[in-house]
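Heavy atoms only: backbone and side chains are in, while hydrogens, waters and symmetry mates are out. All ligand and atom numbering here is 1-based and tracks the order in the structure.
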Amino acid sequence: MSWTKTIGIIGGGQLGQMMAISAIYMGHKVITLDPAADCPASRVSEVIVAAYDDVDALRQLAERCDVLTYEFENVDADGLDAVIKENQLPQGTDLLRISQNRIYEKDFLAQKAQVVVAPYKVIKSSDDLADLDLSKKYVLKTATGGYDGHGQVVIKSQEDLADANQLADSADCVLEEFVNFDLEISVIVSGNGQDVTVFPVQENIHRNNILSKTIVPAHISDELAEKAQAMAVQIAKKLELSGTLCVEMFATDHDIIVNEIAPRPHNSGHYSIEACDFSQFDTHILGVLGLPLPPIKLHAPAVMLNVLGQHMEKAQAFIQENPSAHLHLYGKLEAKHNRKMGHVTLFAKDAEEFGKGVEF
Ligand code: AMP
């Protein structure tokens, strides 16, 4: 058996790039598939330039690679099923289908994995919103295609119903009870098809629905942190997970509620590159190759700040003043507003003080 493999990554954005870097230093070769010849992964891998749903390009990738993986969940699952060889995609296409549709995702989380989710109801049309008990608040989310707050309506009073009815008549939706959370948290977990390994609990701060900052460890009790990690492990085991998965959750003062899953490394886990002995990308590669997974140790509390297009100058000035901060830039040529250009990871003696104070 050869130690080194050719790994095919569908999607050559920053997640594909960081997966490729991990794979390369373990001795593997990487080919990515991406519509842009100058995508971030092009700096570290060969790129097949084609649309993600181009079945001929997927077939070419499958033929040239031992193992396939993806950096995002909106991959054409049927197209992939048509071209992959047996066991060539250890993450499987079912996990894609679950995470592409909030109705399947909620059903999986609540019924199969049996973790706590916000009370929810499937909404097929505005008729299903009639007789809504408006003494409670809700979030209506489209089942497919929504991300980072897009395709969502918060229902707090009668006035919000017009927008909600419109959304409900345009697509299948899920109606969730609004959670009055203290913190948004996430847990990264990786599997190799048999065993799993889990990362520390991350605290996530969003601005305009985009992740702005991650603080590790999260400011929650040990008891809640253990519960959050146990839920992530329970989900991973139910999936017989291969590779890295992120579980996004809400922490209230006494409980953990699972919001959604992303079947890949996640922006909130980038701190692990420097702050843990193995990064979420390392364990992703080990996991999809079916290799043994290490327990994860956090070296020190850490803070990760996203560098968006509008932060480029501030981030560079920050690095000048803080040479111990780790700047990552993904090699994107155009610094568009809100585009994720890179991130900065800082170690902090007191993550609380440091984490709350630093902003771009
Ligand atoms: P999502 O697309 O599910 O990640 O939701 C985007 C953001 O909306 C989350 O990061 C939360 O800030 C907020 N959100 C989503 N679902 C709920 C909920 N049930 N209750 C309160 N806030 C929510």
Q.
Tell me the contacting part of R102 for ligand 1: side chain, backbone, both, or neither, using a 4.0 Å heavy-atom threshold, strictly below.
A. side chain
Q: For side chain to side chain contact (heavy atoms under 4.5 Å, CB included), just list the numbers for R264 and E73, CA-CA rounded to whole Å, side-chain angles, deciding distance to a tenth of an Å, and then say yes or no.
A: CA-CA 8 Å; R264 51 170 171 80; E73 49 274 33; 2.5 Å; yes
Q) With atoms numbered from 1 as shown, which atoms in ligand 1 lie under 4.0 angstrom from a non-hydrogen atom of N259? A) 1 (P), 3 (O), 4 (O)
Q. So, is E176 polar-close to ligand 1, with some N/O to N/O distance under 3.5 Å?
A. yes
Q) Do NZ/NE/NH1/NH2 and the carboxylate oxygens of R339 and E334 come within less than 4.0 Å? A) no
Q. Has ligand 1 got any nitrogen or oxygen that is less than 3.5 angstrom from a nitrogen or oxygen of N209?
A. no
**Q.** Partners passing ring-ring contact (aromatic ring centres under 6.0 Å, His included) against F108 (at least two apart in sequence or in another chain)
**A.** none
Q: Could you check whether the rings of H343 and H270 sit parallel, tilted or perpendicular, using 30° and 60° as the cut-offs?
A: tilted
Q: Determine, using heavy atoms of E177 and all atoms of ligand 1, whether some pair is separated by less than 4.0 Å.
A: yes
Q: Within a distance under 4.0 Å of any heavy atom of K141, pick out the atoms of ligand 1 and give their elements.
A: 3 (O), 15 (C), 16 (N)
Q: Report the part of E260 in contact with ligand 1, treating N, CA, C, O as backbone and CB onward as side chain, heavy atoms under 4.0 Å; options are side chain, backbone, both, neither.
A: side chain
Q. Would N204 and T214 count as having a side-chain donor-acceptor pair, cut-off 3.5 Å?
A. yes
Q.
Please enumerate all residues that pass side chain to side chain contact (heavy atoms under 4.5 Å, CB included) together with S170, with sequence neighbours excluded.
A. L167
(Q) With a heavy-atom distance limit of 4.0 Å, tell me whether V139 approaches ligand 1 through its side chain, its backbone, both, or neither. (A) side chain
Q | Per-atom contacts of ligand 1 with E184, taking only distances under 4.0 Å to non-hydrogen atoms | A | 9 (C), 10 (O), 11 (C), 12 (O)
Q.
Once rounded to the nearest 0.5 Å, what's the spacing between atom NE2 of H28 and atom CE of M19?
A. 14.0 Å
Q. Among F250, F178, Y120, whose heavy atom sits nearest atom 17 (C) of ligand 1?
A. F250
